[in-house]
There are 2 protein chains.
Amino acid sequence: MLEATLNEAATLKRLLDAVKELVQDANFECNEGGINLQAMDNSHVALVAVKLHADGFALYRCDRPIPLGVNLGSLTKVLKCAKDDDKCTLKANDDADVLSLKYEAHRGDRIAEYDMKLMDIDADTLGIPDTDYDARVTMTAAEFTRIVRDLSSLGESVRIEVSKEGVRFASDGEAAQGNILLKQTDAARERYENYGKDDEGDDDDDDDVVEVKQEDDEKPKKVKKEKVKKEEGVEDEDEEMASGDDEAEFKAKSEDEEEEVSESEKKKRKRPAASSSNSKAKKKAKKAVDDSAEGGGGGVHIEMTQHVSLTFSLKYLVNFSKSASLSDTVQLMLKNEVPLLVSYTFGQGYIRYYLAPKIGDD
Amino acid sequence: MLEATLNEAATLKRLLDAVKELVQDANFECNEGGINLQAMDNSHVALVAVKLHADGFALYRCDRPIPLGVNLGSLTKVLKCAKDDDKCTLKANDDADVLSLKYEAHRGDRIAEYDMKLMDIDADTLGIPDTDYDARVTMTAAEFTRIVRDLSSLGESVRIEVSKEGVRFASDGEAAQGNILLKQTDAARERYENYGKDDEGDDDDDDDVVEVKQEDDEKPKKVKKEKVKKEEGVEDEDEEMASGDDEAEFKAKSEDEEEEVSESEKKKRKRPAASSSNSKAKKKAKKAVDDSAEGGGGGVHIEMTQHVSLTFSLKYLVNFSKSASLSDTVQLMLKNEVPLLVSYTFGQGYIRYYLAPKIGDD
DNA sequence: TATACCCTAG
DNA sequence: CTAGGGTATA
């Protein structure tokens, strides 16, 4: 028996927007910790992982783990019937053959109820590698969206290169080639210095992190050659990655293993959504965050242990960037030869995309 | 070697918006005076001429004339990657096989560079007839846009009729016929009395111009039967106009003749952008100009030596009217049997369209 | 498949 | 009022 109430149906709508193009069907794994979704796209090049913390719900109850096999197209249709600010209650029985959605206007004078058929989906629970990334790039979600959309009009793929100088996105196309360099700025560094840190749990206190300051390119301040650690809350089995023809692929485990809620996850859930990324508080947060910079808050914050350069399909990145509606900020985690992690964290949880690099590039 | 910097990439973007649908490829003729573009549409019914004055650029350097053969589709794509307020620098070597565009955010934390392949384009430099038009109609660009868009939903073509009464746009369609009469108003006359005059050069001092005042239809004030002169800054060879099946056509010269910077052009460039049509100053200019009229500044200003009535394809006019983003004001120059000139003048230069009339109409 | 127009959302 | 997404068309 699952019963979960979201104060804003918009959260779900926005989540689905980005995911539904990647995968058609997916299991919403519900347990006491919240709701998780993990799925690969059909070509096994991209993986999406969504987490909605139980305590992000106005009401949450899940007696025992239930996988809800959802056709995302159907769910999108049903969610379209909700107004953005409707209170939204999900209900499913243990046999999980139907998902009931109830939309209530906050004034209480309107109640809509929908029942959606569920399906059995082979649990392709993926092992998400627990990677020690070499670079973490934090920037505004809007800027990331803009960049990948711009470049996608030129070419198929983008090379992302992180150096002390900044991060460079470069694409080659028939008609033109282009590259965008985002420099690290003090404003961005201050803005994002602690972004995502309290999300991560144990290590990654600021001393371990390599701070690359823009102005003294040759002697970055706090270089301690530890890796930029991340992803403690995720199982790290099946680290090997099968290489496809052109792009590496994720390999499905096809086992019914629940992603258990780790200690760090629990810690994360205690965080009082302080990271300025709640959808409601968006404008205000953005404004507050841009104390020194105006309009969009340019510049990036970079933490890195070594120079990385990888090439990715822009089609996927454009898709990922749709999640900008969920958070003002996006983080890119990179390491040569391994999948890129694109992470949007919002008050209620996160959505993370993993994208295998194109091979034979850098 | 060309190097030219625009303070706002938006200028180029807007220029391209209107031109790219008319022609696919065109030469940007760069010389010390600035950048010129001249091209016919595929059917040779319309001709577009763009001028960007050298001193309208924040920085301009062109050692010797270079024709940049540009695929406008590609350039549009590349320009899409610029934010409207980006500083935009164009660079090309003398061999002109690549055009480099650099976009810099004004904050400086974002630099994008694009290289676009250039191509050799047969220089179809057109002889633009130096026409003594019989009527000059000055109106707000927005009103013109509105009119041609309205009428284009009714029919294929519009008859434009200029009389002392005003200017009438009339279209016949299957379902309905409609016509719009814009009367000359004192407000419009005052507003536009000197519009374009300092752009034009030698003659056209106000005494030579036929002022048609609306209120005393039967005895217009200063009728001196000189022609309304125009287009001194343009070569006037190949005046003959070949007539096509339905519409007259422009005839290409197919010679590599540079449009040289005439004396009147040079005078024009000294003009301190006083004509209230800089893209930046748009809202303010419009407001200042609307002292007596509200919302868009209705009414037209008409100068004419004789009644004209011509019919044009609305499709083209709708296309031309996209240039309204460049200037608040548009001028129509008409003379029976010869192409209409639709002219938008903005701080940086102008864009002019010539459209052959439909034959067998009036 | 790419482009243009329309519509909706911010 | 502008921009982005979707749809429809070429």
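Keep in mind the model is a prediction, meaning the values are calculated, not measured. Numbers restart at 1 for each chain; the letters A, B, ... are given by sequence-line order, proteins then strands.
A search for salt bridge (Lys or Arg N to Asp or Glu O under 4.0 Å) contacts involving B:D150 returns B:R146, not counting sequence neighbours. Residues satisfying the side chain to side chain contact (heavy atoms under 4.5 Å, CB included) test with B:N179, not counting sequence neighbours, are B:R168, B:A170. Residues that satisfy the side chain to side chain contact (heavy atoms under 4.5 Å, CB included) test with A:E104, not counting sequence neighbours, are A:K87, A:T89, A:K102, A:I111. Applying the ring pair (Phe, Tyr, Trp, His ring centres under 6.0 Å) rule to B:Y344 yields no partners; only residues at least two apart in sequence or on another chain are considered.
Atoms CG (A:D17) and P (C:dG10) sit 11 Å apart, rounded to a whole Å. Protein atom CG of B:D84 is 17 Å distant from nucleotide atom P of D:dC1, rounded to whole Å. When the P atom of D:dT2 is taken as reference, atom CZ of B:R14 falls 9 Å away, rounded to whole Å.
Sorted by first and then second residue, the pairs that involve residues 73-82 of chain A and meet side chain to side chain donor-acceptor pair (under 3.5 Å), not counting sequence neighbours, are A:N71-A:S74.
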Legend entry - Under 4.0 Å protein heavy-atom contact, by nucleotide of nucleotides 5-10 of chain D - B base, S sugar-phosphate only: S-----
